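Here is the structure we will look at, set down as C-alpha cells.
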Amino acid sequence: MRLLVTGGAGFIGSNFVHLTERTRPDARITVVDAFTYAANEASLEGAAATIVRGDIADAALLDELLADFGPDDAIVHFAAESHNDNSIAGPSPFIDTNIRGTFELLEAARRHDIRFHHISTDEVYGDLPLGTPERFIEATPYHPSSPYSASKAGADMLVRAWIRTYGLRATLSNCSNNYGPRQHVEKFIPRQITTLDDGGRPRLYGTGDNVRDWIHVDDHNEAVWAILERGRLGETYLVGADGEASNREIVRLLCEIMGHDPDAVDFVTDRPGHDRRYAIDAGKLQAELGWEPRYTDLRAGLEQTVDWYRKHREWWEPSKGVVEEKYAKIEEVLER
Ligand code: NAD
Ligand code: TDX
C-alpha cells in the first residue's frame, strides 16, 4: 500500500509515519509538507519515507505525487495550520491551508480516484459546559468558535460534499487534544514542560478551569489506521480516550512529575473566545472498528512525554525563544 501523508513533518503526522513504519512495514510512505514554522526535520529522522517539500495547494505537485498511485493506495491528510492562538492573531494562513489546501487535495484525489482520509478536530463542535456529563457524538451540530476551528469545520464540509456529490472514497475523523513526543512548544503541554525545565513558571489562561480531553498521539494514529483498514466509506468517526482534565490539573501533574511547586504558576489574560470544555464519546469507533486506547493512564502518558522532552532538548530549544516572544506580544495586546 502507498500512502501520501500530508503534514508528515508536524506533530501527529510524524508520529503517524514512525508508528506506521514500526507496525506496517509494507506501507510505502511519501510525506508532503510545506515545512512551515510548525514542522521539524528532526521529527522524521530515521524514517524511510520519501520526503517532499511542497504545498498541498499546489495542484501540479499533487498530480506528480499521485501519478503512480493505485486503487488500494490512500491520502492521509494531516497538514494544517493547527494553533488557535495563531489563528486569533492572524487567520489568513488558516484559510489558505485548511480550506483552500484541503480543496486542492480533494480535487487531486478525485482526478486520480484515490481513497482519502481527512484528519479533523473535535473543536468543530464548539464547546460544552463545565461539570456536565455531556459529550460530543458524530451527530453533534457544528458550532466552531475560533478562526482555526471554523477553518477546520469548512474543510470537513468540503470533504462531506465531495463524498456525496462526486462519490469520493473518503472517511473523516475528529479527534480530541493530542499529547506526546514531537509536539510543537507553542502548544499547552510542551510549553509548560519546557518552561518548567528552564526553571520558569507555567502559564495558565484565565482561571485554568477549562477542560480538554487528552489522548496520546499513538492512540489517535492507531484509530486512523483502524479507519483506513476497516472504516466504512463516507463515515465520520470521533476519536477520544476519556482523558478529561482541567488545564490546572495538567499543570499540577506536570509539576509533580518534574519536581516543581504546583502552586508556583502564573494566571494570564484569557484567550478570546476560549472554549470551556471538550469531551468525546468514541463509542462508534469502539463498537464498529474495535479500537481501544492503550494509554489509559494520563499520568503515565505525561511521564513518558516529559521524559521525551528532557532527552530531546536539541529538538525544541531552537523554537522556545521565538515562541515565548510571540506569546509575550500576544499577552501585551490582550492586556491592553
Ligand atoms: P502541526 O502544526 O504540528 O503540523 C502541521 C504540519 O502541516 C506541519 O508540518 C506544517 O509544516 C504542515 N503544513 C502546514 N501548511 C501546509 C501546507 N499548506 N502544505 C503542506 N504542509 C503544510 O499540527 P498537528 O498538531 O500535528 O495536527 C495535525 C492535524 O491534526 C491537523 O489537521 C489538526 O487540525 C488535527 N488535529 C490536531 C489535534 C491536536 O491536538 N494537535 C487534535 C485533533 C486534530
Ligand atoms: O500557555 C498556555 N496556557 C493555557 O492555559 C497555552 C498554550 C494554552 N493554554 C490552554 C488553552 C486550552 O484550554 O490550554 C488548553 C490547550 O491549549 P492548546 O494546546 O493551544 O490546544 P487547544 O486550543 O485545545 O487546541 C488543540 O486541540 C485541538 C490543538 O492545538 C488543535 O490543533 C486541535 O484541533
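Whatever order the structure lists them in is the order used to number ligands and atoms, beginning at 1. Atom set for the values below is all heavy atoms of this structure, side chains included, hydrogens, waters and symmetry mates excluded. Quick caveat, the model's predicted, so the values are computed rather than measured.
Nearest to atom 26 (O) of ligand 1 among the protein's heavy atoms is Ile12 N, 2.8 Å. For atom 30 (O) of ligand 2, the closest non-hydrogen atom of the protein is Lys187 CE, 3.1 Å. Of the protein's non-hydrogen atoms, the one nearest atom 17 (O) of ligand 2 is Phe188 CB, 3.7 Å. Protein heavy atom closest to atom 44 (C) of ligand 1, with residue, atom name and distance, is Ser120 O, 3.1 Å.
At least one N or O atom of Lys152 sits closer than 3.5 Å to an N or O atom of ligand 1. In terms of polar-atom proximity, Asp33 is counted as a contact of ligand 1, with an N or O under 3.5 Å from an N or O of the ligand. Residue contacts with ligand 1: Ala79 is placed with no nitrogen or oxygen under 3.5 Å of a nitrogen or oxygen of the ligand (distance criterion only). Taking distance alone, with nitrogen or oxygen atoms compared against 3.5 Å, Asn210 stays at or beyond that limit from ligand 2.
A salt bridge links Arg203 and Glu331; the closest N-O separation between the charged side-chain nitrogens and carboxylate oxygens is under 4.0 Å. A salt bridge is defined here as a Lys NZ or Arg NE, NH1 or NH2 lying under 4.0 Å from an Asp or Glu carboxylate O, and Asp127 with Arg277 fails to meet this definition. Ion pairing between Asp85 and Lys326 fails under the 4.0 Å rule for side-chain N and carboxylate O.
Heavy atoms of Glu186 approach ligand 2 to within less than 4.0 angstrom. Taking a 4.0 Å cut-off on heavy atoms, Tyr37 fails to register as neighbouring ligand 1.
Per-residue contacts place Ser176 under 4.0 angstrom from the following atoms of ligand 1 (heavy atoms of the residue considered): 42 (C), 43 (C). The Ala9 neighbourhood of ligand 1 comprises atoms 9 (O), with distances under 4.0 Å to a heavy atom of that residue. The Ser82 neighbourhood of ligand 1 comprises atoms 1 (P), 2 (O), 23 (O), with distances under 4.0 Å to a heavy atom of that residue. Ligand 1 places these atoms under 4.0 Å from at least one heavy atom of Thr121: 43 (C), 44 (C). Distances below 4.0 Å separate heavy atoms of Thr36 from the following atoms of ligand 1: 10 (C), 11 (O), 14 (C), 15 (N).
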